[in-house]
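Computed from a prediction, not measured in an experiment: that's the story for all the values here. In what follows, chains are A, B, ... by sequence order, proteins preceding strands, each numbered from 1.
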Protein chains: 2
Amino acid sequence: MSKVTIKDIAKIAGISRGTVDRVINNRGNVEKELEQKIMRIATELGYEKNLMASNLASKKIFKVAAIISDPTTDLFWNFPYQGIQKALKVVKHYGVEVEYFHFPDYDNHAFSIQMENALMSNPDGIILAPLYTREAEMFLDTAVSKNIPVITINTEIHHPGVLSYIGQHSYFAGYLAGRLLHLRLEPKDDVVALNFGHKVNNANHYADKIEGIKGYFAEHNLVDNNVHWYEFEDFQNKAAIISFFKDLQLRHPKMKALFFTNSRAYKLLDLLDYETCKALYIVGFDMIEPNIAHLKKGKMDFIINQNPLQQGYQGLMSFVDHSILQQEIKSKHYLPLDIVLKENVDFYNN
Amino acid sequence: MSKVTIKDIAKIAGISRGTVDRVINNRGNVEKELEQKIMRIATELGYEKNLMASNLASKKIFKVAAIISDPTTDLFWNFPYQGIQKALKVVKHYGVEVEYFHFPDYDNHAFSIQMENALMSNPDGIILAPLYTREAEMFLDTAVSKNIPVITINTEIHHPGVLSYIGQHSYFAGYLAGRLLHLRLEPKDDVVALNFGHKVNNANHYADKIEGIKGYFAEHNLVDNNVHWYEFEDFQNKAAIISFFKDLQLRHPKMKALFFTNSRAYKLLDLLDYETCKALYIVGFDMIEPNIAHLKKGKMDFIINQNPLQQGYQGLMSFVDHSILQQEIKSKHYLPLDIVLKENVDFYNN
DNA sequence: AAATGGAATGTGCGCGAGCCCAAACTTTTG
DNA sequence: CAAAAGTTTGGGCTCGCGCACATTCCATTT
């Protein structure tokens, strides 16, 4: 904690506090030479603004808009939400406030509307889960023009308006899944990859994961192990799921492993008995309750955890680093891909 | 961010700020009835102290003494150090300062001395890596008497003076290792568990890990797989390590897996060629550089990561939660036991 | 040379709480 | 009963900075 104040600088420079203030916060109206002199003195003395005093005086509120999926429509989103709340406890004293703009995860229109609403709230920063690529990109264009820092979480999209991305690396998530499948796969065993999701969701990280698996298989010459990919939209309909699965069994008699591209493994596993599951080798994502239950019962073998709580926590912390503490932040912050099995699952609950 | 101030309370109570201040910070010298009235009003209004203003006025410094092993004597300790530094960046504006009391990890005497020194610095809180149980317990007794909150990391000891423990659960770390070994072990294969460490280090978490492995093997009826445990102190002596290993090979012809109880797997692997390693199934702890290198080369199969960075980060954050934000903190915070292999190792570097 | 105006610089107040001393009030003491 | 001592309460000053307004300076213009 440096104890240099603007008064110290003013005294040394032989001028008043006001001018130093103008320089420090570059409010202009200061002679160039003086400005440089003051800056020099400030850096020489190692001046650091006293955040407490600054915030107290200005009463500045940093409004953060969090545009994330509604935790009630998809359990998964409870984690990022909790992460943001956890970070908030620490940083709210810096004047940070968070307003949530939730949307049902299957509704791209609501997504767009909430992005609009978020912008209208005139935030100082945005935490965005860009589930719909096209809509998000349009939004980012205007965010850029308004000079609002946007931090994306969970889903990576490539757009210059993104200040920082925090989340998994989709390709390597699939690659890791490939590795885990490889642990048990025999030659000629087939893998079926399932994407239980809404077509309207045009994000392509599901495809990236599949690519990751295939990449792993190719690199390790698992040429006899085919990977079949299916998308299935009607995952709320139990009867439909069952007949879909029966069909899979018929179509792929050598099916030995199931890979789920997202957190919805439980939608199928809920409907299968223990023996059927045990005969398969099952890998999926995300530690939501129903998946954990299947893991513990032994119906599921591996869960790959993408640290969703950390996505929220880091998301808000990165905003603080950037906009309040003025620190450099990484443009890509790939979170660890945790391998979770029955024996360590309990330690991932915090 | 509540906007109720001490002035608001004073106005409603019909008295002056000074008295409210006395009540809020219970400095005494206030009539009981008035005190209760003020407290009632404060809670009714949901008063929350403005940390920025409080800190600015009091200029209180929260001194934290971090008693951890010297990163230069054991690479591992660089992680908790970095974690503390990372947390410090965020909370230093609350007036938090950290002073380090390092000790060589093999020197229990230096450990005791540094604990003494830490106490003499009159800290407001202590982050302690209690590598030596007996010495740490004596220290905790006096810390308790001085009413200084102590947060332990990395090594769990059971003492009422510990406010919170942050780190792994040793037994389940071993249990998890058992699971990982099980993935590849054939019946009759033997496991050799190695503890490369200093005898003087009387912490018993190494033993806990071995118990964990044995526990897993017992629960899964792996009666044909023996686990042999060796302690080896002379691990800085390459020749000694080699002859020790040769001896192991002779003594245990069915040795198929090596388990290291700590981060020193590399001390042996450095000296073995690729084929020898590949013929064995090798599990160890901690993502220090030399271990990572062996993992990437394929000489090591699994690393169990105990989140040492998080130990430091959470350690300091917990102090802040407890002593500054006045929040309840958990007395046990078991960190995840990450399963790290070649395919996900790169995402654990932050 | 005086007046004008814009740029550059100085200064006072306030943010909310901590802290100290003065003031008011109460009780004890000689 | 007055003085002294103790208890309780009031309010001013301060922390470092932001901000609005006042003041000074200097170059034009008339």
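Looking at residues two or more places apart in sequence or on another chain, you find a ring pair (Phe, Tyr, Trp, His ring centres under 6.0 Å) between A/His102 and A/Tyr100. The salt bridge (Lys or Arg N to Asp or Glu O under 4.0 Å) check on B/Asp74 picks up B/Arg264, with sequence neighbours excluded. With sequence neighbours excluded, no residue forms a ring pair (Phe, Tyr, Trp, His ring centres under 6.0 Å) with B/Phe101.
In this structure, the ring of B/Tyr94 has its center less than 6.0 angstrom from the ring center of A/Tyr94.
A salt bridge between B/Glu156 and B/Lys332 is present, with a side-chain N of the basic residue lying under 4.0 Å from a carboxylate O of the acidic one. Taking 4.0 Å as the cut-off between side-chain N and carboxylate O, B/Arg27 and B/Asp21 count as a salt-bridged pair. For A/Glu31 and A/Lys37, the salt-bridge test fails: no basic side-chain N is under 4.0 Å from an acidic carboxylate O.
Backbone-only contact: B/Leu34 has heavy atoms under 4.0 Å from sugar-phosphate atoms and none from a base. Using a 4.0 Å heavy-atom criterion, one finds that B/Arg27 contacts the sugar-phosphate atoms exclusively. Among the protein residues, A/Lys49 comes within range of the sugar-phosphate backbone only, with heavy atoms under 4.0 Å from sugar or phosphate atoms but none that close to a base. If you check every strand for non-hydrogen atoms under 4.0 Å, A/Ile6 touches sugar and phosphate atoms only.
No side-chain donor from either of B/His93 and B/Asn55 sits under 3.5 Å from a side-chain acceptor of the other.
With a heavy-atom cut-off of 4.0 Å to chain A, the contacted part of DNA chain D has its first and last nucleotide at D/dG16 to D/dC19.
Within residues 12-21 of chain B, the residues that place at least one heavy atom under 4.0 Å from DNA chain D are, in residue-number order, B/Ile15, B/Ser16, B/Arg17, B/Gly18, B/Thr19.
For the atom pair CG of B/Asn307 and CE of B/Met287, the computed distance is 9.5 Å after rounding to the nearest 0.5 Å.
As rounded to whole Å, 14 Å separates atom C1' of C/dG18 from atom CG of B/Leu51. Note: CG (A/Asn26) to P (C/dA8) measures 15 Å, nearest angstrom. Rounded to an integer number of Å, the gap from A/Met52 CE to C/dA17 P is 12 Å. In this structure, NZ of A/Lys11 is placed 17 Å from C1' of C/dG10, rounded to the nearest angstrom.
Remark on the helix from C/dA1-D/dT30 to C/dG30-D/dC1: inter-end axis angle 70°, axes from five-pair C1' superpositions, rounded to 10°.
Distances from the side chain of A/Asn29 to the nucleotides C/dT9, C/dG18, C/dA17 place C/dT9 closest.
Atom NZ of A/Lys60 is surrounded by more than 12 heavy atoms from other residues, nucleotides or ligands within 6.0 Å.
When each of B/Ser58 and A/Ser58 is assigned the nucleotide of DNA chain D bearing its nearest heavy atom, the one mapping closer to the 5' terminus is B/Ser58.
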